[in-house]
Amino acid sequence: MLLSVLILSKLYSSTKPKAEEDPLRKALLEQVEKRKATLALSPEKQKEAYYSSITFANEDVPLHSPAVEAKFEKYLARFSYRNQQSYDLHKKAEKHLPKIAAILKSHGIPEDFKYIPIIESDMNPQITSHKGAGGYWQFMPATARLYGLKVNGAVDERKDLTKSTHAAARYLKSLYQEFGDWTLVAAAYNVGGGSLKGTIRRQGVKDYYKLRLNQETGSYVYKLVSVKQVIENPYKHGYKRYAQQEDSYQNISERNLL
């Protein structure tokens, strides 16, 4: 249908130079424009445009890959309002993320790493893992001390948001010096630099999205990207109370797609 409209439109454009002098040509052109508008605002086109805008640490997320897309949507759904049924995520983000982002920026760390404490500890400094990791950034005691934090029987600076974020920034910077890729840095933060280097060496692959990783590390970046999307695009993902202004990515006439 659209092809025939375009052909007829071109035919009339060559024989009748002014649309207002030819009602049929004018009607054809209007039909073409309406069809273009429909395609531009279709859910498929909106999703395609939205997905092409998604990045982590200024690096594209390869959502054109069906495997990557499916995994991303799995974790995105988990953080949507439909599954959370709570605004706690946005409340914590509103309270803590500006401070974290400012500290990371002072160290030259991409802002997207501010979402790590949400994934690691749910912004609860009292959480300690069964392995002994603790605080906002879930540092192991030895790593915390290595990057300048006091951890002993009397004090645990892993629970101090400002001090632990400065330590995390120093750690992230050291990981970047090892890997030279921020997505791999995020994975290394989860699994450890030595472990990730061994995996890369064995598999001969330096692309996070192509590496075969354990379940926790293999999902880590997807979780960070998903949290980023629901925080930055609250309306799109059901958090309408926080959608007081346009989402960071929002097409005209767009609906809540996901």
Worked check of side chain to side chain donor-acceptor pair (under 3.5 Å) between Tyr222 and Glu73: CA-CA 9 Å; Tyr222 291 92; Glu73 290 183 349; over 6 Å; no
Please tabulate, for side-chain N and O atoms in residues 140-149, each donor-acceptor pair with protein atoms closer than 3.5 Å (sequence neighbours left out).
| unit_1 | atom_1 | unit_2 | atom_2 | d |
| --- | --- | --- | --- | --- |
| Arg145 | NE | Val151 | O | 3.0 |
| Arg145 | NH2 | Val151 | O | 2.9 |
| Tyr147 | OH | Ser174 | OG | 2.9 |

Solution key, residues 93-102 side-chain donor-acceptor pairs under 3.5 Å, sequence neighbours excluded:
| unit_1 | atom_1 | unit_2 | atom_2 | d |
| --- | --- | --- | --- | --- |
| Glu94 | OE1 | Tyr242 | OH | 3.4 |
| Lys99 | NZ | Thr162 | OG1 | 2.8 |

Between side-chain atoms of residues 176-184 and protein atoms elsewhere (two or more places apart, or another chain), which donor-acceptor pairs fall under 3.5 Å?
| unit_1 | atom_1 | unit_2 | atom_2 | d |
| --- | --- | --- | --- | --- |
| Asp181 | OD1 | Thr183 | N | 3.0 |
| Asp181 | OD1 | Leu184 | N | 2.8 |
| Thr183 | OG1 | Glu59 | OE1 | 2.6 |

Without placing hydrogens or testing angles, list every side-chain donor-acceptor pair under 3.5 Å for residues 192-201, not counting sequence neighbours.
| unit_1 | atom_1 | unit_2 | atom_2 | d |
| --- | --- | --- | --- | --- |
| Thr199 | OG1 | Ser195 | O | 3.1 |
| Thr199 | OG1 | Arg202 | NH2 | 3.4 |

Result block: side-chain N/O donor-acceptor pairs under 3.5 angstrom for residues 211-218, not counting sequence neighbours:
| unit_1 | atom_1 | unit_2 | atom_2 | d |
| --- | --- | --- | --- | --- |
| Asn214 | OD1 | Glu216 | N | 3.0 |
| Asn214 | OD1 | Thr217 | N | 2.8 |
| Asn214 | OD1 | Thr217 | OG1 | 3.2 |
| Asn214 | ND2 | Thr217 | OG1 | 3.2 |
| Glu216 | OE2 | Asn190 | ND2 | 2.9 |
| Thr217 | OG1 | Asn190 | OD1 | 2.6 |

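Side-chain contact check for Lys223 versus Lys228: every heavy-atom pair is 4.5 Å or farther apart. No side-chain heavy atom of Glu111 sits under 4.5 Å from any side-chain heavy atom of Lys105. Proximity of Ser106 to His166: side-chain heavy atoms (C-beta onward) are separated by under 4.5 Å at one or more points. Side-chain contact between Phe72 and Gln229 is present, with heavy atoms from C-beta onward closer than 4.5 Å. The closest side-chain heavy-atom distance from Tyr75 to Val225 is not below 4.5 Å. Side-chain contact between Tyr239 and Gln84: present, with at least one pair of heavy atoms (C-beta onward) separated by less than 4.5 Å.
Note on Val185 and Val205: same hydrophobic cluster, where clusters join Ile, Leu, Val, Met, Phe, Trp and Tyr whose side-chain heavy atoms are under 4.5 Å apart, directly or indirectly. Both Tyr209 and Val191 are members of a single hydrophobic cluster when ILVMFWY side chains are connected at heavy-atom separations under 4.5 Å. Hydrophobic clustering of Ile, Leu, Val, Met, Phe, Trp and Tyr side chains at less than 4.5 Å, counting indirect connections, keeps Ile103 apart from Leu161.
To the nearest 0.5 Å, atoms NZ (Lys159) and OG (Ser164) are separated by 12.0 Å. Rounding to the nearest 0.5 Å places OG of Ser226 at 8.5 Å from CD1 of Ile54. Atom CG of Asp60 and atom NE2 of His64 lie 9.0 Å apart (nearest 0.5 Å). In this structure, the separation between NE2 on His107 and CZ on Arg170 is 6.0 Å, given to the nearest 0.5 Å. Between atom CD of residue Glu157 and atom NZ of residue Lys150 there is a gap of 6.0 Å, rounded to the nearest 0.5 Å. Note: Lys47 NZ to Glu44 CD = 9.0 Å, rounded to the nearest 0.5 Å.
Between the side chain of Gln138 and the backbone N or O of Ser121 there is no donor-acceptor pair closer than 3.5 Å. In this structure, Asn83 contributes its side chain and Ala77 its backbone to a donor-acceptor pair below 3.5 Å. Panel note: side chain Thr128, backbone Gly132; no donor-acceptor pair is recorded below 3.5 Å.
Among residues at least two apart or in separate chains, salt bridge (Lys or Arg N to Asp or Glu O under 4.0 Å) pairs with a member in residues 115-139 are Lys92-Asp122.
Contact record, Ala186 with Leu224: CB-CD1, 4.1 Å, taken as the closest heavy-atom pair. Contact detail for Gly238 and Tyr87: the closest heavy-atom pair is O-OH, 4.2 Å. Taking both residues in full, the closest heavy atoms of Asp112 and Ala57 are given as OD2-N, 2.7 Å, listed atom of the first, atom of the second, then distance. What you find for Leu175 and Ala188 is that their closest heavy atoms are CD2-CB, 4.0 Å. Shortest non-hydrogen contact noted between Ser86 and Tyr81 is N-CE1, 3.5 Å. Gly134 and Arg158 get closest at one heavy-atom pair: N-NH1, 3.2 Å.
Remark: aromatic rings of Phe113 and Tyr189 are distant, center separation not under 6.0 Å.
A tilted orientation is assigned to the rings of His237 and Tyr50, their planes being inclined by 30° to 60°.
Judged by distance alone, the side chains of Thr165 and Trp137 do bring a donor and an acceptor atom under 3.5 Å apart.
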